[in-house]
Amino acid sequence: MQLLSSRRFRAAAAGVAVLGLFLTGCTSSEPEFSYQPPSQVDGDFPADTVTAMQDAVANALAASGASGAVVGVWAPWSGRWVTGVGTQDPGAGAEITTDMAFRVSDMTRLMTCDVLYGLADEGIVGLDDPVPDHVSGVPDLTDITLLDLCNSTSGIGSSEGIAQTAWMTTPERVWAPLELASYGLGAPRATPHTTYTNSDAGYLLLGLALERASGMTASELISAYVTRPLALSNTSLPSPAPAAPSTGPVMDGHYLTPVEGGYDCAAPVDITTLSSSTGFTDSGVVSTIDDLGRYMQAEAAQVLRTKKEPNRFGSPLPQAPDAPSWFQATGGALLVGSMIGQSGWTPGYQTSAFSDPATGFTVAVVLNDSTTGGTTAMHLAWELAALASKAPAAEGQTAPDFGLPFTAEQYHQEIANAALPCVAPPEG
């Protein structure tokens, strides 16, 4: 997971400037950007830890109706476990492999906020800029800032509940970001600035604002501020044209059809081909497990920042009114104890990844069915983290003083308790 690349391609190089530099052969004097993550033991976890993690994934697949998963767990002092589990379809199809691409769902929010802070560090936007300064058609958001959109403290609601049926039935539809965000804008508002609200519409608006402030597309911005500096060659925000997550190996995405008494788990609906505009800068990015693990480790450590202040994750809020005290949110991230990450779903996939900035301990999970939302993937990530965090240090290594505020057993049971009821569809 070592990274070494350049930070030269930035917003100032957009448009004509990029072409001019290319034609003249000139390069920026901006210094090289390098990131050296914590040294990773080159070996596997102990066999009993791997067995426990395999059981955890099997439990999550059975509970969610997914037929496959890709999982990565990295404990720098103990070992790594990167694997594909299951098949493309229930009991059939190709085996899942670790080179398969997928949609990262709400991990996209982190990248959108990376762009915000990158542009702010360079003085192109201000974190406290009012949203209408950059997005037209939202005059009632004069008291809401770009930082509010990133922190999800704008009070704006979610578009998901209204748009979900259309996403599933017309996956090829190309959405205008403001049209999609309008559903959340029309929803009841929460108290702004001081309350976290899970608002996909806010991240759609933030993406629009960053495009208009920079003169670059959201895809170009994520490339310039995230994927190129971190050498994430398999990660991008694709064009809105309906397509699979990659032209290479892909883990197919599905959802289950509800029937009387439960779901038809034997016949999932394939929704691999989808327009990225369904998620845009909220949940539209695609990646692979190695890229996602590398990104999450770098993101938790905030290596992309050129300024130390303000501290992006320094003032978290409760993730929900009844959330445990260790579960908070800010900066486009979910904070789980000392770990920083995100979890969520997009049609066909649910994804979760978290990393501890002090140790580099990282876990990433994607399931190939979105029916249970992002909850199963999130709880599986927590269960895997609890298991791997207790793995002994490899020879010559010292385990850090690192712990989590929950147990593997707790979330293994949570996943089992929330299992989908699978029933045969009525005949005829």
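A quick note: this is a predicted structure, and the numbers were derived from the prediction, not measured.
In this structure, a donor-acceptor pair under 3.5 Å is present between the side chains of H412 and E383. No side-chain donor-acceptor contact under 3.5 Å links S105 and T346. Using a 3.5 Å distance cut-off with no hydrogens or angles, the side chains of T272 and D270 do pair a donor with an acceptor. S275 and S277 are linked by a side-chain donor-acceptor pair at a separation below 3.5 angstrom, with hydrogens and angles left out of the test. T195 and T191 form no side-chain donor-acceptor contact under 3.5 Å, judged by distance and modelled atom types alone. In summary, the side chains of T257 and D264 do not present any donor paired with an acceptor at a separation below 3.5 Å, with no hydrogens or angles considered.
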Task: Test log, rule side chain to side chain donor-acceptor pair (under 3.5 Å), inputs Y225 and E122 - done: CA-CA 11 Å; Y225 284 85; E122 293 174 353; 2.6 Å; yes
- [ ] Determine, stepwise, if the pair D148 / T153 fulfils side chain to side chain donor-acceptor pair (under 3.5 Å).
- [x] CA-CA 5 Å; D148 283 322; T153 54; 2.9 Å; yes
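A distance-only check finds a donor-acceptor pair linking the side chain of S355 to the backbone of F361 [under 3.5 Å]. No donor-acceptor pair under 3.5 Å is formed between the side chain of T108 and the backbone N or O of T281. Between the side chain of D129 and the main chain of G126, a donor-acceptor pair closer than 3.5 Å is present. Counting only distance, with no hydrogens or angles, the side chain of S159 and the backbone of L180 share a donor-acceptor pair below 3.5 Å. Judged by distance alone, with hydrogens and angles left aside, the side-chain atoms of S276 form no donor-acceptor pair with the main-chain N or O of V285 at under 3.5 Å. A donor-acceptor distance shorter than 3.5 angstrom exists from the side chain of S64 to the backbone of A60, with no hydrogens or angles considered. Side-chain atoms of S223 do not come within 3.5 Å of backbone N or O of S219 as any donor-acceptor pair. Between the side chain of N368 and the main chain of A66, no donor-acceptor pair closer than 3.5 Å is present. Here the side chain of E95 pairs no donor or acceptor atom with the backbone of T87 at under 3.5 angstrom. Within the 3.5 Å criterion, the main-chain N or O of M251 finds a donor-acceptor partner in the side chain of Y349.
To the nearest 0.5 Å, atoms CZ (F280) and CG (L208) are separated by 5.0 Å. Expressed to the nearest 0.5 Å, how far OH of Y295 lies from OG1 of T362 amounts to 12.5 Å. Expressed to the nearest 0.5 Å, how far CG of D282 lies from CD of E160 amounts to 8.5 Å.
For an aromatic pair to be called close, the ring centres must be under 6.0 Å apart, and W81 with F45 fails this.
Put simply, the side chain of L185 reaches to within 4.5 Å of the side chain of L141, judged on heavy atoms. Taking the side chain as every heavy atom from C-beta outward, S158 and N198 never approach each other to under 4.5 Å. By the 4.5 Å heavy-atom criterion applied to side chains, S389 and F402 are counted as neighbours. Put simply, the side chain of I271 does not reach to within 4.5 Å of the side chain of H254, judged on heavy atoms. Using a 4.5 Å cut-off on side-chain heavy atoms (C-beta onward), R312 and D114 make contact. Between Q350 and V365, every side-chain heavy-atom pair lies at or beyond the 4.5 Å cut-off. Under the 4.5 Å side-chain criterion, counting only non-hydrogen atoms from C-beta, V70 is in contact with I96. Considering only heavy atoms from C-beta on, M111 stays 4.5 Å or farther from V115 through its side chain.
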Acceptor/donor pairs from residues 330-342 side chains to any protein atom, 3.5 angstrom cut, sequence neighbours excluded:
unit_1: T330; atom_1: OG1; unit_2: N151; atom_2: OD1; d: 3.3
unit_1: S338; atom_1: OG; unit_2: D356; atom_2: OD1; d: 2.8
unit_1: Q342; atom_1: NE2; unit_2: G332; atom_2: O; d: 3.0

Which pairs of donor and acceptor atoms, one on a side chain in residues 168-175, lie under 3.5 Å apart (sequence neighbours left out)?
unit_1: T169; atom_1: OG1; unit_2: T165; atom_2: O; d: 2.9
unit_1: T170; atom_1: OG1; unit_2: A166; atom_2: O; d: 2.7
unit_1: R173; atom_1: NH2; unit_2: E179; atom_2: OE2; d: 2.6

Sequence neighbours excluded and cut-off under 3.5 Å, please list the side-chain donor-acceptor pairs for residues 229-248, or say none.
unit_1: T235; atom_1: OG1; unit_2: S287; atom_2: OG; d: 2.7
unit_1: T235; atom_1: OG1; unit_2: D291; atom_2: OD2; d: 2.8
unit_1: S246; atom_1: OG; unit_2: G248; atom_2: N; d: 2.9

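Residue-environment remark: CD (Q410) exceeds the threshold of 12 foreign heavy atoms within 6.0 Å. Around atom CG of D42, no more than 12 heavy atoms belonging to other residues, nucleotides or ligands sit under 6.0 Å away.
The aromatic rings of W382 and W326 lie perpendicular to each other, with more than 60° between the two planes, well past the 30° mark.
Under the 4.0 Å criterion applied to side-chain N and carboxylate O atoms, D44 and R80 are not assigned as salt-bridge partners.
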